[in-house]
Amino acid sequence: MCSTQANLTRYLPDEAESWSTERDQVYTPETLYSYIDGGAELYLSYDFRQMLNRVYSTPGQPDLQVDLFDMGTSYNAFGVFSHSRESVDTTFGQGSQYVPGLLLFWKDRYYVSILASPETAESKTAMHRIAATIDQRILSTGPLPDILGMLPGDSLLPGSIRYFHHHIWLNSYYYVTESNILDIDETTDAILAQYGSGGRYRYLLLVGYPDTSRASAALDNFLRHYLPEGGESSIIQIEDGTFTGCQVTGRYFAAVLGARKAAAVHHLLTGIQAAVPQE
Amino acid sequence: MDKRVYTRRDFLKHTVVAAAAGSIYMHLPARLVGGRTPGTRVVLIRHEEVLDSLNRPKAPVIQQMLDEAVTALLNVSDPLTAWKSLISPDDVVGVKTNSWNYLPTPDVLNAAIRQRVLDAGVPEKSVSVRDRGVRNDPVFQNATALINVRPLRSHHWAGVGTLIKNYIIFTPQPSAYHADACADLASIWKQPALAGKTRLNILVMLTPLFHGIGPHHYSPRYVWPYQGLLVGRDPVAVDSTGVRILQAKRQIFFGDHRPLNPPPKHIFLADTRHRLGTAEPAKINLIRLGWQDDVLI
């Protein structure tokens with residue numbers, strides 16, 4: 001067993017309920033495709049380091065697939081977890097999500113997936129037992145990205161927050177463009193959050209750049225490609241009747257998308273202006 | 001020179017591209033882009049009794065649905081006539097399925113297709129039904145006809161797993177097509193070993209996966225018993241229609257117009273860049289058969 005495998009193995013129990021370890025396999029950025037062909041890119045876009053897959057088996061029950069991802073930093077573990085969560089739940093780790101047959105959580109630099117398909121009453125109990133053990137064995141916690149603290153809280157749907165470094169996740173809620181007009185990459189922190197209720201949502205995009213010049217360039221590019229009739233801090237009604245606005249404050253670019261009222265755009269942008277730290 | 005940037009606003013402004021792109025990227029209804037004219041035929045057939053209590057398809061009902069759909073697609077009087085117009089006894093037929101663990105092409109559907117190929121007069125030795133290993137399968141290597149069948153599902157990097165995408169396994173290095181959200185998957189269909197050979201496309205809509213989470217991109221929570229098949233000669237038209245249904249389900253489930261992400265641009269580009277077929281709803285003649293409750297399109 002190599003040292004990296006041993007490092008991850010220590011977090012996983014040897015057995016849970018009647019399930020016992022069937023086999024282990026470690027995957028790296030070079031081999032992750034062979035495990036989740038077509039799905040590896042999501043993890044690679046969050047700077048994935050390595051993953052331990054352990055299969056637990058017991059007669060008459062579905063196998064349990066446990067995947068323990070080392071994402072390098074807590075920011076990226078949170079990011080990949082945030083990619084699909086729908087509500088805020090801290091039953092396990094620093095955030096967890098359970099849907100039938102699948103339990104996901106993150107803690108420190110680790111992202112954990114436990115899958116039982118199909119789920120049975122017994123496998124559900126075993127899934128939760130394994131999650132609790134991993135949670136206990138990862139002793140440390142990790143910080144959340146600072147940029148999350150800048151989101152205005154009024155009408156925010158906390159479970160909707162997405163954190164990412166790859167431009168393709170810009171369209172998670174609301175299609176804008178598939179081109180990287182905002183120059184989002186591994187050096188930037190981007191978050192997308194949903195505001196509102198009852199199916200009437202607006203979306204706040206906030207991108208933090210290493211310096212003000214890149215933030216200004218992003219604003220120029222966004223205006224050129226998306227709001228050519230607008231200027232800095234202007235609010236435009238686009239063709240679907242919704243309002244869009246954008247601004248740069250320091251090294252942060254912010255845009256509000258899909259708002260039904262111009263005042264809602266102004267409210268969120270003002271909130272960002274107040275939250276951006278003086279540097 | 002700047003690479004052309006397409007945005008939401010372009011698709012809203014320009015009806016020329018809005019029909020396909022709007023429906024694929026943003027779930028815009030087809031009516032926004034003008035009247036419908038008959039064109040590429042796609043058959044949607046659904047049956048209220050096709051699934052058992054565990055969502056497993058029933059063989060007799062699947063056979064009936066397949067027969068009705070193919071007969072309607074080709075506008076003939078009976079299934080055998082339809083299949084004989086698709087496949088000749090001299091053909092060597094590869095039925096390209098999909099074996100993804102959580103949502104494979106159902107065995108009973110594979111069996112139903114195989115039976116009709118045999119009924120068309122093709123000898124058993126000239127028919128192969130498989131997914132993995134097609135590159136080393138003598139029947140697929142010598143195939144004169146292909147039938148493409150797979151379930152529709154959301155997909156991590158392509159937006160959706162489609163009929164167009166189902167041929168990626170014919171390439172020696174599938175990951176070579178993963179760039180730019182699998183934008184150019186349709187180019188695979190133009191390779192000499194595949195070009196012009198596909199006689200029928202069947203998108204399985206029995207229990208589509210409309211959303212995926214976690215490394216396996218699967219939870220039973222995100223499948224629903226739609227109980228349908230989409231059948232057509234044009235894979236782009238069938239995929240485009242399937243995506244509209246998937247988007248409609250996502251709107252109902254999530255309560256907003258949440259787009260598939262990444263956008264399934266490979267369908268749009270299969271039309272506009274690779275000319276494999278039409279993704280434009282206005283050019284698709286959708287024929288609805290069977291159960292119509294919650295049809296979503």
Side-chain angles (χ1 to χ4, degrees), chain A residues 32-33 35-43 45 51 53 65 67 69 80 83-86 97 99-104 111 113-115 117-119 168-181 194 196-201 221 224-228 236 238-240 244 257-258, chain B residues 2-14 18 21-22 24-28 32 54-55 100-102 155-159 161 165 168-169 174-175 177-183 211-222 251 254-263 265 268:
Chain A
L32 190 62
Y33 287 108
Y35 181 59
I36 42 176
D37 186 21
E41 290 88 346
L42 167 66
Y43 300 88
S45 76
M51 185 268 277
N53 166 249
Q65 296 267 357
D67 301 318
F69 291 78
V80 78
H83 184 77
S84 62
R85 73 170 173 173
E86 292 165 18
Q97 179 179 9
V99 296
L102 182 64
L103 199 161
L104 305 169
Y111 170 69
S113 164
I114 306 172
L115 176 74
S117 181
E119 183 183 271
I168 202 157
W169 309 125
L170 167 67
N171 302 305
S172 294
Y173 290 116
Y174 180 91
Y175 179 78
V176 179
T177 179
E178 63 211 57
S179 300
N180 190 14
I181 61 175
Q194 203 170 16
S197 62
R200 299 166 70 94
Y201 301 116
N221 216 28
R224 181 157 64 98
H225 289 295
Y226 201 72
L227 292 180
I236 301 297
I238 69 167
E239 292 75 10
D240 61 5
T244 297
L257 308 156
Chain B
D2 277 355
K3 183 181 174 186
R4 178 73 170 97
V5 172
Y6 286 101
T7 71
R8 177 184 199 87
R9 299 191 68 190
D10 292 310
F11 296 141
L12 291 166
K13 285 175 193 169
H14 304 301
I24 290 168
Y25 291 177
M26 298 182 297
H27 184 227
L28 297 179
L32 280 183
L54 297 176
N55 277 352
W100 189 57
N101 188 35
Y102 302 107
H155 190 275
H156 265 124
W157 203 248
K165 188 177 184 301
I168 196 170
I169 206 70
S175 61
Y177 290 87
H178 286 172
D180 195 15
C182 305
H211 184 60
I213 62 172
H216 301 274
H217 200 78
Y218 181 81
S219 164
R221 184 184 188 193
Y222 302 118
Q251 181 178 4
F254 293 115
D256 57 27
H257 292 272
R258 189 179 305 190
L260 285 156
N261 193 36
K265 61 193 295 185
F268 175 63

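Naming convention: chains lettered A, B, ... in sequence-line order (proteins, then strands); numbering from 1 in each chain. In this text the structure is predicted, and so the values were computed from the model without any measurement.
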Worksheet item: Looking at side-chain heavy atoms only, is the closest gap between B:His155 and B:Leu260 below 4.5 Å?
Response: no
Discussion item. Tell me every residue that passes ring pair (Phe, Tyr, Trp, His ring centres under 6.0 Å) with B:His211, counting only those two or more places apart in sequence or in another chain.
Written reply: B:Tyr222, B:Phe254
Worksheet item: Between A:Asn53 and A:Gln65, does any side-chain donor sit less than 3.5 Å from a side-chain acceptor?
Response: yes
Worksheet entry | Toward chain A, the part of B:Pro263 with a non-hydrogen atom under 4.5 Å | side chain
Discussion item. Using heavy-atom distances under 4.5 Å, tell me whether A:Ser117 contacts chain B through its side chain, its backbone, both, or neither.
Written reply: side chain
Discussion item. Counting the benzene-type ring for Trp, do A:Tyr173 and A:Tyr201 have ring centres under 6.0 Å apart?
Written reply: no
Worksheet item: Which atoms of A:Leu102 come close to chain B, meaning under 4.5 Å heavy atom to heavy atom: side chain ones, backbone ones, both, or neither?
Response: side chain
Discussion item. Is A:Ile181 in contact with chain B via its backbone, its side chain, both, or neither, using a 4.5 Å heavy-atom distance?
Written reply: side chain
Worksheet item: Which one of A:Leu104, A:Thr244, A:Val80 has the most heavy-atom pairs closer than 4.5 Å to chain B?
Response: A:Leu104
Worksheet item: Which bit of A:Asp67 comes within less than 4.5 Å of chain B, counting heavy atoms only: side chain, backbone, both or neither?
Response: side chain
Discussion item. Just to verify, what does B:Arg221 make a salt bridge (charged side-chain N to carboxylate O under 4.0 Å, His left out) with, not counting sequence neighbours?
Written reply: A:Glu86
Worksheet item: For A:Tyr174, is it the side chain, the backbone, both or neither that has a heavy atom under 4.5 Å from a heavy atom of chain B?
Response: both
Worksheet, complete the sentence: Turns out that what part of A:Ile238 lies under 4.5 Å from chain B's heavy atoms comes down to both
Practice prompt. Check for a donor-acceptor pair, side chain of A:Thr177 on one end and backbone N or O of A:Ser179 on the other, with a separation under 3.5 Å.
Written response: yes
Discussion item. Between B:Ser219 and A:Pro100 (side chain of the first, backbone of the second, donor and acceptor by atom type, cut-off under 3.5 Å), is there such a pair?
Written reply: yes
Worksheet item: Between B:Tyr102 and chain A, which part of the residue has a heavy atom less than 4.5 Å away: side chain, backbone, both or neither?
Response: side chain
